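Dropping the structure in here first, questions after.
The model shown is predicted, which means the values in this text are computed figures rather than measured ones.
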Amino acid sequence: MASAMLSLASVSPSASLSTHETPKGKLKLGSTSWSLNKERNCLFAKTESFGRVSMVAAVNVSKFEGVTMAPPDPILGVSEAFKASTNESKLNLGVGAYRTEDLQPYVLDVVKKAENLMIERGENKEYLPIEGLAAFNKVTAELLFGADNPVIKQQRLATVQGLSGTGSLRLAGAFIERYFPGAKVLISSPTWGNHKNIFNDSRVPWSEYRYYDPKTVGLDFEGMIADIKAAPEGSFVLLHGCAHNPTGIDPTPEQWEKIADVIQEKNHIPFFDVAYQGFASGSLDTDAASVRLFAARGLELLVAQSYSKNLGLYAERIGAINVVCASSDAATRVKSQLKRIARPMYSNPPIHGARIVANVVGDPALFNEWKAEMEMMAGRIKGVRQKLYDSLTATDKSGKDWSFILKQIGMFSFTGLNKAQTENMTNKWHVYMTKDGRISLAGLSLAKCEYLSDAIIDSYHNVS
């Protein structure tokens, strides 16, 4: 075994080290005496040389020496850098988590009420079934598709509770790899950074379709349609149901119709990621319109859901994977296989967040309170979006059109800043953001809009 030799001490020859017996045991090899420390599982060697005795230790090299240091997460690493900064003007616009006007985390009042209900009922902590809490699965499917939707009435929907949006996407990735071997997933360029990681780890091949047009800071609709048409028949097309991350750019209702046309024509399978239902526009129905459009066409499709944003349940890891099938028999079989995949992956999902969702969505009074709180949160983000636009247009006299900020929707805005410009935002202005130019407006207050405007204008005009 390879070892490194570490010099510990030098002692005079008169010392009794060379002949000392210990309970640990002693091993004599030529002129070198080895003492074995059984508790520490290492060897101490005493080597005699020119009248001096030197004691060294043989240290085993770790079996994990081949494990390299992973790069920091591009999104979560922003928060770590923000916390390390001591500048009073610093802004964290990296992670997509809602903040109040005072830039503090927010727990919805309706969530607190739902948790109090759980305490009053004295509910236990027994394991859930593999597919999750039945009451949660029922209300979450109805929230997404509408209670009277034929896919629910005809039992053509397989819904399994997942570990928020990320875990639900990962479960779907494993399902695709197992039952559609070789099928490719088309991902928008750009997209949420974790999408690629999820499909890489699921061993599902993916490629990108054009989405963002840097010239207009808008949607490259023609490029998107062309790339979806060019993809192999039967591909999975990953679509953001609303509030596209990172750009905040959504197709119009008319464009969604055309996207559905080409997906249907090519026999592709639409795969929606819905992380912001109700949180984007303030309306649950408006934000689910794209998914319902595809379901109404009779298409089989997948939808990953998350309640991190719209109920503020970030740490509860609560979401679902939904698969719309052509028949109830197919839905039953699909659900059985999703459960089979989940069992060795995480066995069964957590119960706390599922009960919160079931209590809120399943109770008419709490449901109405939730809708009001969502409108408030969405309204605050719309307010800072408008204030940022007003500050930019009032300060920047170059004639640049900043109206794309108002055309975008949801908690994110794609500023159009390049990597060097975003580094200037951080190094000079202490604005922490991802290198692709995305900012989270949920982490911005009205009071900070002018400061951010100055930082953006300086970075855009003075850094190439």
Distance from Glu316 atom CD to Ile356 atom CD1, nearest 0.5 Å? 5.0 Å

Could you walk me through whether Leu163 and Arg170 satisfy the side chain to side chain contact (heavy atoms under 4.5 Å, CB included) test, starting with their C-alpha distance in whole Å, then the side-chain angles of each, then the deciding distance to 0.1 Å, before giving a yes or no? CA-CA 9 Å; Leu163 306 182; Arg170 183 63 179 82; over 6 Å; no

Test of ring centre spacing under 6.0 Å for Tyr211 and His244: yes

As an exercise, state the distance from OG1 of Thr422 to NZ of Lys435, rounded to the nearest 0.5 Å. 4.5 Å

What I want to find out is whether Lys339 reaches Glu131 closely enough, with some N-O distance under 4.0 Å, to be called a salt bridge. yes

Is there a donor-acceptor contact under 3.5 Å from the side chain of Arg210 to the main chain of Ile225? no

For a side-chain hydrogen bond (donor to acceptor under 3.5 Å, both in side chains) check, start with the C-alpha distance between Asn87 and Ser85, then their side-chain angles and the critical distance, and finish with the verdict. CA-CA 6 Å; Asn87 190 278; Ser85 173; 5.8 Å; no

Plane angle bin for Phe294 and Trp256 - parallel if under 30°, tilted between 30 and 60°, otherwise perpendicular: perpendicular

Any donor-acceptor pair under 3.5 Å linking the side chain of Lys309 with the backbone of Tyr276? no

Might you confirm whether atom CD of Glu450 has over 12 heavy atoms from other residues, nucleotides or ligands at distances under 6.0 Å? no

Looking at Gln255 and Phe221, would you say the former's side chain and the latter's main chain have a donor-acceptor pair under 3.5 Å? no

Taking atom NZ of Lys407 as the centre, does the number of heavy atoms from other residues, nucleotides or ligands within less than 6.0 Å exceed 12? no

Got more than 12 heavy atoms from elsewhere within 6.0 Å of CZ, Phe175? yes

Taking the side chain as everything from C-beta on, heavy atoms only, tell me whether Met433 gets closer than 4.5 Å to Thr415. yes

Which heavy atom of Ala447 sits nearest to which heavy atom of Glu101, and what is that distance? N-OE2, 3.5 Å

Looking only at atom types and distance, does a side-chain atom of Asp102 sit under 3.5 Å from a main-chain N or O of Gln104, one as donor and one as acceptor? no

For a side chain to side chain contact (heavy atoms under 4.5 Å, CB included) check, start with the C-alpha distance between Leu171 and Tyr346, then their side-chain angles and the critical distance, and finish with the verdict. CA-CA 10 Å; Leu171 192 59; Tyr346 56 84; 3.9 Å; yes

A side-chain contact here means heavy atoms from C-beta on lying under 4.5 Å apart; do Ser347 and Ile130 qualify? no

Apply the test side-chain hydrogen bond (donor to acceptor under 3.5 Å, both in side chains) to residues His240 and Asp250: give CA-CA distance (whole Å), side-chain angles for both, the deciding distance (0.1 Å), then the verdict. CA-CA 8 Å; His240 299 227; Asp250 284 357; over 6 Å; no

If I compare all heavy atoms of Leu143 with all of Tyr307, which pair ends up nearest, and what's the gap? CD2-OH, 3.5 Å

Closest heavy-atom pair and its distance - Gly165, Ser306: N-CB, 3.6 Å

Would you find a donor on one side and an acceptor on the other, under 3.5 Å apart, between the side chain of Gln277 and the backbone of Leu284? yes

Ser202 side chain to Phe199 backbone, donor-acceptor under 3.5 Å: no

Could you check whether any side-chain heavy atom of Leu313 comes within less than 4.5 Å of a side-chain heavy atom of Val357, counting everything from C-beta outward? yes

Shortest non-hydrogen contact between Ile228 and Leu186, atoms and distance: CA-CD1, 4.2 Å

Would you please say whether a donor-acceptor pair under 3.5 Å links the side chains of Asn348 and Arg343? no

Would Asn92 and Arg99 count as a side-chain hydrogen bond (donor to acceptor under 3.5 Å, both in side chains) here? Give the steps. CA-CA 11 Å; Asn92 184 3; Arg99 295 290 182 263; over 6 Å; no

Which heavy atom in Gln421 sits nearest to a heavy atom in Ser459, and how many Å separate them? CG-O, 3.2 Å

Atom pair OG/CZ of Ser413 and Arg385 - distance to nearest 0.5 Å: 5.0 Å

Between Val361 and Phe136, is any pair of side-chain heavy atoms under 4.5 Å apart? no

Quick check: do Phe271 and Ile269 have side-chain heavy atoms less than 4.5 Å from each other? no

Just wondering, do Ile381 and Tyr98 contact through their side chains at under 4.5 Å, heavy atoms? yes

Side chain to side chain contact (heavy atoms under 4.5 Å, CB included) evaluation trace for His195 with Asp273: CA-CA 10 Å; His195 279 149; Asp273 185 355; 2.8 Å; yes

Contact summary for Val334 and Cys325, nearest pair of heavy atoms: CG2-SG, 3.9 Å

Using a 3.5 Å distance criterion without hydrogens, assess whether the side chain of His430 forms a donor-acceptor pair with backbone atoms of Glu88. no

Atom CG in Leu311, atom CZ in Phe279: separation rounded to 0.5 Å? 10.5 Å

In terms of side-chain heavy atoms, does Asn200 have a donor or acceptor partner in Trp206 at a distance below 3.5 Å? yes

Within 45° cone of Phe82 ring axis and under 6.0 Å: Lys90 NZ or CZ: yes

Hey, what do you get for CG (Leu444) to NZ (Lys448), rounding to the nearest 0.5 Å? 9.5 Å

Whether the Glu80 and Tyr432 side chains hold a donor-acceptor pair (N or O, under 3.5 Å, no angle test) is what I'd like checked. no

Is any side-chain heavy atom of Lys335 closer than 4.5 Å to one of Thr159? no

Expected output: side-chain Asn194 to main-chain Asn197 donor-acceptor under 3.5 Å: no

Straight-line distance of Leu338 CG to Arg333 CZ, nearest 0.5 Å: 12.5 Å

Give the C-alpha distance, both sets of side-chain angles, the deciding distance and a yes or no for side-chain hydrogen bond (donor to acceptor under 3.5 Å, both in side chains) between Gln337 and Tyr179. CA-CA 10 Å; Gln337 293 299 340; Tyr179 294 102; 2.4 Å; yes

Between Asp458 and Lys428, does at least one N-O distance fall below 4.0 Å, as a salt bridge requires? yes

Examine Phe414 together with Phe404 and report whether their ring centres are nearer than 6.0 Å. no

Treating Asn322 as the side-chain partner and Gln305 as the backbone partner, does any N or O pair qualify as donor plus acceptor under 3.5 Å? no

Steps toward salt bridge (Lys or Arg N to Asp or Glu O under 4.0 Å) verdict (Glu208, Lys196): CA-CA 10 Å; Glu208 296 180 306; Lys196 296 176 182 178; 2.9 Å; yes

Do Arg340 and Arg178 have side-chain heavy atoms sitting under 4.5 Å apart? yes

Strictly distance-based, threshold 3.5 Å: is any side-chain N or O of Lys266 a donor or acceptor partner for the main-chain N or O of Pro232? no

Just do the side chain to side chain contact (heavy atoms under 4.5 Å, CB included) check on Ser445 and Val384 with the steps written out, would you? CA-CA 6 Å; Ser445 65; Val384 295; 5.6 Å; no

Would you please indicate yes or no on a ring centroid separation below 6.0 angstrom for Trp192 and Phe412? no

Does Trp429 have its ring centroid less than 6.0 Å away from the ring centroid of Tyr451? yes

